[in-house]
Amino acid sequence: MTVSVVSICNRALDTLGADPITSLEDTSKAARLCARNYVISRDAVLRAYPWNCAMARASLAALTDTPAFGFAYYYQVPDDCLRLWRLQDDDEGVVKWRLEGRRIATDQAAPLLIVYAQVVEDPAQFDALLVDALAARLAADIAYSLVGSQQAQAQAWDVYRAKLAEARQIDAQEQGVVDEFSAPDWIESRL
């Protein structure tokens, strides 16, 4: 079966014991809640972890305006950027930076090489575990409005956290570069 926005919404509704929808344009309360919350839930899940299916790379040119102090350059974040994961210099080193609105402030000269989580609108690009996590997040986001129970909402958030952890674990096993997004050694030593 092909994964679609409606199929993800129906997985969320199944979790909550609600009737399925055929379209986001349905007149039911469930369809209206799914339509209103799907994109926000999707982007929150894609932003929460460097999913393989959502990673993108870009080479950015410096903007003409510069920071008033603290850094030498500004770079415009790509329009489809949900979360900036990494900046790297030509030698694969660590670069000091700060995200200010939709601009990156840094001392790194152009071109600025970045790795980021991008918006993925086609749910067919998600693996099955990411679909599960997204459906669980959507269920948690709409649970109280649909069911009217704080207990159901709390249970939905617990399910989401479990599904997210499972999806992250499997996704992490499918990366050729093991520690690309891990904490520095001095932080890891404290864990």
Side-chain angles (χ1 to χ4, degrees), residues 1-16 18-61 63 75-88 99-104 111-146 156-157 159-177 180-181:
M1 179 176 144
T2 303
V3 176
S4 68
V5 172
V6 171
S7 69
I8 293 171
C9 290
N10 282 331
R11 288 185 63 77
L13 295 170
D14 288 346
T15 301
L16 299 172
D19 291 333
I21 62 173
T22 56
S23 165
L24 292 179
E25 287 78 36
D26 287 356
T27 59
S28 69
K29 182 177 183 179
R32 288 191 312 272
L33 286 168
C34 286
R36 191 167 55 233
N37 289 279
Y38 174 79
V39 170
I40 294 167
S41 297
R42 178 202 66 203
D43 290 353
V45 172
L46 291 176
R47 191 172 150 75
Y49 178 78
W51 303 106
N52 294 325
C53 68
M55 297 310 293
R57 296 172 186 267
S59 177
L60 306 177
L63 296 172
Y75 296 87
Q76 186 66 45
V77 174
D79 290 340
D80 66 344
C81 179
L82 288 173
R83 181 172 178 184
L84 192 54
W85 281 101
R86 183 176 176 168
L87 277 62
Q88 54 192 56
L99 191 59
E100 298 177 349
R102 298 292 294 171
R103 297 183 300 185
I104 304 164
L112 184 66
L113 306 176
I114 67 169
V115 178
Y116 66 98
Q118 67 181 336
V119 174
V120 179
E121 294 182 358
D122 179 6
Q125 301 303 308
F126 304 152
D127 82 11
L129 293 175
L130 179 54
V131 167
D132 265 358
L134 174 53
R137 170 65 190 241
L138 181 60
D141 285 341
I142 67 173
Y144 188 77
S145 296
L146 188 64
W157 279 108
V159 169
Y160 166 65
R161 284 188 282 275
K163 298 270 186 188
L164 181 66
E166 178 186 20
R168 287 174 59 160
Q169 180 182 16
I170 299 302
D171 193 74
Q173 294 172 9
E174 297 176 332
Q175 295 180 22
V177 180
E180 186 171 358
F181 298 104

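The model shown is predicted, which means the values in this text are computed figures rather than measured ones. Residues take their numbers from the sequence shown, with the count starting at 1. Atom set for the values below is all heavy atoms of this structure, side chains included, hydrogens, waters and symmetry mates excluded.
- Note: Glu174 CD to Asp127 CG = 6.5 Å, rounded to the nearest 0.5 Å.
- Nearest heavy-atom pair across Val120 and Leu46 is N-CD1, 3.8 Å.
- With values rounded to the nearest 0.5 angstrom, Arg42 atom CZ is found 11.5 Å from Leu138 atom CG.
- To the nearest 0.5 Å, the span separating OG1 on Thr15 from CG on Asn10 amounts to 10.5 Å.
- A donor-acceptor contact shorter than 3.5 Å links the side chain of Arg83 to the backbone of Arg47.
- Using a distance-only test at 3.5 Å, with no hydrogens or angles considered, a donor-acceptor pair links the side chain of Ser41 to the main chain of Asn37.
- In summary, of the residues considered (Glu166, Arg168, Arg161), a side-chain contact (heavy atoms from CB on, under 4.5 Å) with Leu164 occurs for Arg168 alone.
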| task | Using the side chain to side chain contact (heavy atoms under 4.5 Å, CB included) rule, take Ile21 and Ser28 through it: C-alpha gap first, then chi angles, then the decisive distance, then the call. | result | CA-CA 8 Å; Ile21 62 173; Ser28 69; 3.8 Å; yes
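- Between the side chain of Lys163 and the backbone N or O of Arg137, no donor-acceptor pair lies under 3.5 Å.
- Using modelled atom types, one side-chain atom of Arg102 and one backbone atom of Pro78 make a donor-acceptor pair closer than 3.5 Å.
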| task | Check step by step if side chain to side chain contact (heavy atoms under 4.5 Å, CB included) holds for Arg103 and Gln76. | result | CA-CA 5 Å; Arg103 297 183 300 185; Gln76 186 66 45; 3.9 Å; yes
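- From Asp14, atom CG reaches atom SG of Cys9 across 11.0 Å, with rounding to the nearest 0.5 Å.
- Ala133 and Ala167 get closest at one heavy-atom pair: CB-CB, 4.4 Å.
- Within 6.0 Å of CD in Glu121 there are 12 or fewer heavy atoms belonging to other residues, nucleotides or ligands.
- Atom OG of Ser4 is separated from atom CG of Leu24 by 8.5 Å, given to the nearest 0.5 angstrom.
- Heavy-atom minimum distance, Leu13 versus Pro20: CD1-CA, 4.4 Å.
- With rounding to the nearest 0.5 Å, the separation of CG in Asp122 from OG1 in Thr2 is 9.5 Å.
- Asp171 and Trp51 get closest at one heavy-atom pair: OD2-CA, 3.4 Å.
- Counting heavy atoms of neighbouring residues, nucleotides and ligands inside a 6.0 Å radius, atom CG of Asp79 does not exceed 12 of them.
- Annotation for Val115 and Arg57: closest pair CG2-NH1, 3.5 Å, computed over non-hydrogen atoms.
- Residues Trp85 and Tyr49 approach most closely at CZ2-C, 3.3 Å, considering heavy atoms.
- In terms of modelled atom types and a separation under 3.5 Å, the side chain of Arg11 and the main chain of Leu134 share no donor-acceptor contact.
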| Can you check side chain to side chain contact (heavy atoms under 4.5 Å, CB included) on Tyr160 and Asp141, steps first, answer last? | CA-CA 10 Å; Tyr160 166 65; Asp141 285 341; over 6 Å; no
